[in-house]
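See structure below.
Order of the sequence lines fixes the chain letters, A, B, ..., with proteins taken first and strands second; residue numbering starts at 1 for each chain. For the numbers below, each heavy atom of this structure counts, side chains included, while hydrogens, waters and symmetry mates do not.
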Amino acid sequence: MSMMFIQTDKGLVSADSINAERSGTPVKAEVKKETKANAKDSKTTAKAK
Amino acid sequence: MLANYPAHIDEKVKESFNLYSKEAIENSSINVLFNVGDSNDYSKGYTSIEGGTGVDYFDEAANLSDVDIAEGYKSVGVSKEFGGKISVTKKEMLNERDETTLFNKIVENKVPVLMSDINNFIEEQTMTLLNNGFTTALAPDGVSIFGAHTYKSTGAAFDNSSTTAAGEAALVELEKYAGAFTDANDKVMPLSLTTLVAKKGSTAAREFRKVLAGDNKLQAATIGNVNIYNNGTYTLVETPFITSDTAWFAFDPRKDNSLIVDFIQRPTLEERQTRENLTQITPASGSFRFGAFELPTTWYGSTGV
């Protein structure tokens with residue numbers, strides 16, 4: 001049910017998987033394949049001037 | 001004529017639902033607190049920009065130095081659908097033989113409940129960014145939104161979390177933090193964390209109101225279910241969707257907001273359908289994503305204990 005996937009050295013990992021791993025719940029890491037989801041990169045506005 | 005919904009009534013209900021729903025979100029706390037928008041991308045990639053460095057003097061006819069833009073963490077937001085439906089059975093329809101009465105019954109009783117429930121769902125869900133911000137709601141570095149963050153590009157760090165209780169000491173701490181904030185390259189990146197957020201009617205909200213009132217008269221406004229107080233310097237937003245009595249948050253309203261809510265489809269009343277048992281189903285649904293898709297450099301939060 002994750003809406004957020006974070007780029008890690010394992011690829012895109014869901015926030016839920018990170019939380020589960022941290023809380024010690026043994027789950028198989030949900031790794032999202034880098035498909036078109038990653039193709040559009042918003043290049044968001046600079047936060048730091 | 002046997003009770004039924006003529007098509008034009010469906011259209012009216014649908015139109016009023018969609019308009020009301022949009023307006024309800026505009027008047028909600030999430031519109032004040034988060035970066036709410038519409039998007040056509042079901043999945044969207046975000047990159048945090050952590051700073052730039054390289055500006056320098058240059059001699060006559062010399063080349064200018066390259067400014068290095070420090071790209072930070074990347075994240076991807078994926079949308080989710082949500083919704084619910086209202087049902088009118090054959091018996092209910094037969095009980096309402098006059099179509100005008102039926103229309104009123106649907107509009108006055110069921111559709112508003114559906115609208116209200118959907119809007120409540122949206123606020124409750126998106127507000128988990130703050131309510132779970134010290135625990136499971138993560139920033140793109142994998143750390144809680146309010147926690148000890150590290151810039152990816154340089155390894156420099158900042159901690160936007162606190163345990164200080166709301167009040168004068170909290171404002172002193174906040175102002176020091178904001179004035180001393182630096183970007184990934186340790187360059188000054190002053191913040192004005194002038195919008196405070198607390199639960200409506202909470203201890204934190206009351207404490208802030210006392211301090212903010214001081215010598216000034218607080219200007220109060222209510223938008224939807226949100227109370228907003230302003231003393232000329234700070235704005236205090238009180239929303240019932242915060243769960244903690246002591247927690248408080250602050251952000252810089254002038255800067256880009258990294259807490260993002262993107263609607264792929266705003267809540268919309270779908271086409272009415274008739275089931276095999278002649279029950280009329282009217283679904284309402286939408287699709288959105290929300291998260292701290294960029295490093296929350298412009299937010300600060302305290303558990304208050």
| message | Less than 4.5 Å to any heavy atom of chain A: does that hold for the side chain of Phe288(B), its backbone, both, or neither? | response | both
| field | Met4(A) versus Ser75(B), closest heavy-atom pair with distance | value | CE-CB, 4.2 Å
| Is there side-chain contact between Tyr73(B) and Ile6(A), with at least one heavy-atom pair below 4.5 Å? | no
| field | CD1 on Ile18(A) to OG on Ser144(B), rounded to 0.5 Å | value | 10.5 Å
| remark: Between Arg289(B) and Met3(A), the two heavy atoms sitting closest are CA-SD, 3.5 Å
| message | Do Pro140(B) and Gln7(A) make a side-chain contact, defined as non-hydrogen atoms from C-beta onward lying under 4.5 Å apart? | response | no
| message | For the CG atom on Asp38(B), are there more than 12 heavy atoms of other groups (residues, nucleotides or ligands in this structure) within a distance under 6.0 Å? | response | yes
| query | At a heavy-atom separation under 4.5 Å, does Ala70(B) approach chain A through its side chain, its backbone, both, or neither? | reply | neither
| field | Region of Thr135(B) in contact with chain A, defined by heavy-atom distances below 4.5 Å | value | backbone
| Which heavy-atom pair separates Arg22(A) from Leu138(B) by the least distance, and what is that distance? | NH1-CD2, 3.9 Å
